[in-house]
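Below is one structure; the comments refer to it alone.
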Protein chains: 2
Amino acid sequence: MEHGHQHEHSIERERECVTGVPIFQQLSDDQITSVAKVTRPIHADKGGTVFSAGEVSQTLYIVNQGQVRLYHLADDGHEQVLRVLNPGDFVGEIALFTDEIHGSYAEATATTELCTISRASLTALIKTLPPLALSLLGALAVRLKTAEKQATLLAIPDALPRLAGYLQELSAHRTGTFDLPMSKQDLAAYLGMTPESLSRKLKQLSTKGVLETVGRRQVKVINVAKLAELAPE
Amino acid sequence: MEHGHQHEHSIERERECVTGVPIFQQLSDDQITSVAKVTRPIHADKGGTVFSAGEVSQTLYIVNQGQVRLYHLADDGHEQVLRVLNPGDFVGEIALFTDEIHGSYAEATATTELCTISRASLTALIKTLPPLALSLLGALAVRLKTAEKQATLLAIPDALPRLAGYLQELSAHRTGTFDLPMSKQDLAAYLGMTPESLSRKLKQLSTKGVLETVGRRQVKVINVAKLAELAPE
DNA sequence: CGAGCAGTTGAATGTTATCAACGCCGGTGG
DNA sequence: CCACCGGCGTTGATAACATTCAACTGCTCG
């Protein structure tokens, strides 16, 4: 039957969107299908807007491919990056429980594929799929830990240990030369300093033999021990 | 039967511990009983330690009565408050998914009653009680939002808008004169400044007619509009 | 190949931390 | 109940730090 076939095909597309995402990984085939049924894939070109501040949200967004930059505008027009979403990351979880207005903008920094699930669908899914609830709880717990760690980092008045702490955390899961998750001016705002200060502090670390900056967006940690010394704790 | 009676009595105690806590509130009587069965109440006197940094944790702690101060020690011995737990708040959710070592100390700032649930028990509960999963997800989402908001606050270089933003958030849910959730020296560290700076900035706000400091731990917001002006966004 | 923006460097200014001393409140012990 | 003691909080002066403003370099992308 033509119609039936088309329907199956479209489900296949959604399945692909779901299977690539860690929080759904431990689900069975049948369970993935039930998730896929309520999933709507969306696409965003590089530079495109996924959502804007001020919009009402009742949707969970999960990045499948590409990258999304989450930021909000300060009153002086200056952009403050909140988080960078890589494949598997998601945003909109607060919308699942309260009618919340987006406080931030989401912009694709590369060609990006996302999965969206409405609030009603997700709450229904959670009620019928306990493993999904656990996955989500785990993901939120990890994000919470990250956010709280960042808060304690930012509470450090001096810029150098603040930067060192950030780089230590960042380099912990990578090795050798690695990419910064955002531009240096975004990173500066993220770390609570000006781009000028970041530049100077990076040079300071470079002079001390702690690291080298490679090109525009890469950093190579040379002396992990020295970095740990400069970082808090 | 003597033994049976004793057993029921002890369950009653745990029920009391559970019913007082928001995340369990929407559960039915039967469900509360099943939660109570795996709950272990613990008590901490004022000044007592609930847990210490370095300990392995596989337990969720929920505050029932009293207050718990969560902090960790910087390398210079200086205490950094992460969060203050009031009745209904909980800590240890990360322990539910990974064998994690506590990074912080938990100290009772008043006579405190807590409920504890082991990892195994809670994961089992979540699998059988979907509403509980939703409650937990909601609570984590709220905490996440708070933590991310604090991070963006702390990213502000100037102390005055940082303090103003904090006070605005704090006063939003209260009215008139209200208590600060911690001592001023703790608050200063929490806001990424020195106690001296906090004192000066509070005085500055007082001079501007924005607020008044009452006694040692109370603040009265006089001009909400002015406070909002000084706060970011 | 050119334009524009990210990133760097430099000097001056402003803010904040630091160090030190002091009042003040709260709790403890006589 | 009162007096003492200790820490919290405040105030003042200095110095270090980061921001600011401005000019310049060097990518990168069109």
Side-chain angles (χ1 to χ4, degrees), chain A residues 45-47 69 71 74 76-81 107 109-111 153-166 179-207 211-219 230 232, chain B residues 45-47 69 71 74 76-81 107 109-111 153-164 166 179-208 211-219 230 232:
Chain A
D45 288 323
K46 180 173 179 176
R69 178 171 166 273
Y71 65 96
D76 60 348
H78 148 79
E79 294 180 357
Q80 168 80 31
V81 171
E107 172 203 57
T109 56
T111 304
L153 256 188
L154 287 168
I156 300 168
D158 288 315
L160 192 64
R162 215 160 60 222
L163 172 60
Y166 173 79
D179 271 48
L180 295 174
M182 52 186 125
S183 73
K184 284 183 184 171
Q185 59 180 5
D186 279 352
L187 182 58
Y190 184 79
L191 291 176
M193 57 182 103
T194 57
E196 294 94 326
S197 281
L198 176 59
S199 176
R200 284 185 247 267
K201 294 304 163 191
L202 277 174
K203 192 173 189 183
Q204 219 169 315
L205 290 174
S206 180
T207 305
L211 54 80
E212 278 173 8
T213 58
V214 185
R216 185 167 277 209
R217 260 209 184 197
Q218 293 195 334
V219 169
L230 296 170
Chain B
D45 288 323
K46 179 174 180 177
R69 178 172 165 270
Y71 66 95
D76 61 348
H78 149 79
E79 292 181 359
Q80 167 78 31
V81 171
E107 173 202 57
T109 55
T111 304
L153 255 188
L154 287 168
I156 300 167
D158 287 315
L160 192 64
R162 215 159 61 221
L163 172 59
Y166 173 78
D179 271 50
L180 296 174
M182 52 187 126
S183 73
K184 283 185 184 170
Q185 59 180 6
D186 279 351
L187 182 59
Y190 185 80
L191 292 175
M193 59 182 102
T194 57
E196 292 95 326
S197 281
L198 176 59
S199 176
R200 284 185 247 267
K201 294 305 161 191
L202 277 175
K203 193 174 188 180
Q204 220 168 316
L205 290 174
S206 180
T207 305
K208 289 189 181 183
L211 54 80
E212 277 173 9
T213 57
V214 185
R216 184 166 280 208
R217 262 210 183 192
Q218 294 195 335
V219 170
L230 295 169

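Protein chains get the first letters and strands the later ones, always in sequence-line order, with residue 1 at the start of each. Computation of the quantities below employed the complete heavy-atom set of this structure, encompassing side-chain atoms and omitting hydrogens, waters and symmetry-equivalent molecules.
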Determine: side-chain N/O of [X] to OP1/OP2 of [N], distance under 4.0 Å, yes or no.
X	N	value
B/K203	D/dG9	no
B/S183	D/dC8	no
B/K201	C/dT16	yes

Sub-3.5 Å donor-acceptor pair from the side chain of [X] to the main-chain atoms of [Y], do we have one?
X	Y	value
B/T207	B/K203	yes
B/R162	B/L154	no
B/D76	B/H78	yes

Looking only at heavy atoms, the pair that brings A/G215 and A/K184 closest together is O-NZ, 4.5 Å

Closest to the side chain of B/S199, out of D/dT11, D/dA18, C/dA17, is D/dT11

Start with the C-alpha distance between B/E79 and B/R69, add both sets of side-chain angles, then the distance that settles salt bridge (Lys or Arg N to Asp or Glu O under 4.0 Å), and finish with yes or no.
CA-CA 11 Å; B/E79 292 181 359; B/R69 178 172 165 270; 2.5 Å; yes

How far apart are the C-alpha atoms of A/R216 and A/L180, what are their side-chain angles, what is the distance that settles it, and do they pass the side-chain contact (heavy atoms from CB on, under 4.5 Å) test?
CA-CA 9 Å; A/R216 185 167 277 209; A/L180 295 174; over 6 Å; no

When you match A/G215 and A/R162 each to their closest nucleotide on DNA chain D, which lands nearer the 5' end?
A/R162

Would B/Y166 and B/L187 satisfy side-chain contact (heavy atoms from CB on, under 4.5 Å), going step by step from the backbone distance to the final call?
CA-CA 10 Å; B/Y166 173 78; B/L187 182 59; 3.4 Å; yes

Give the residues of residues 185-193 of chain B touching DNA chain C, defined as any heavy atom closer than 4.0 Å, sorted by residue number.
B/G192, B/M193

B/S/- contact track for nucleotides 21-26 of chain D, protein heavy atom under 4.0 Å:
BB---B

B/K208 vs B/L160 side-chain heavy atoms within contact, under 4.5 Å
yes

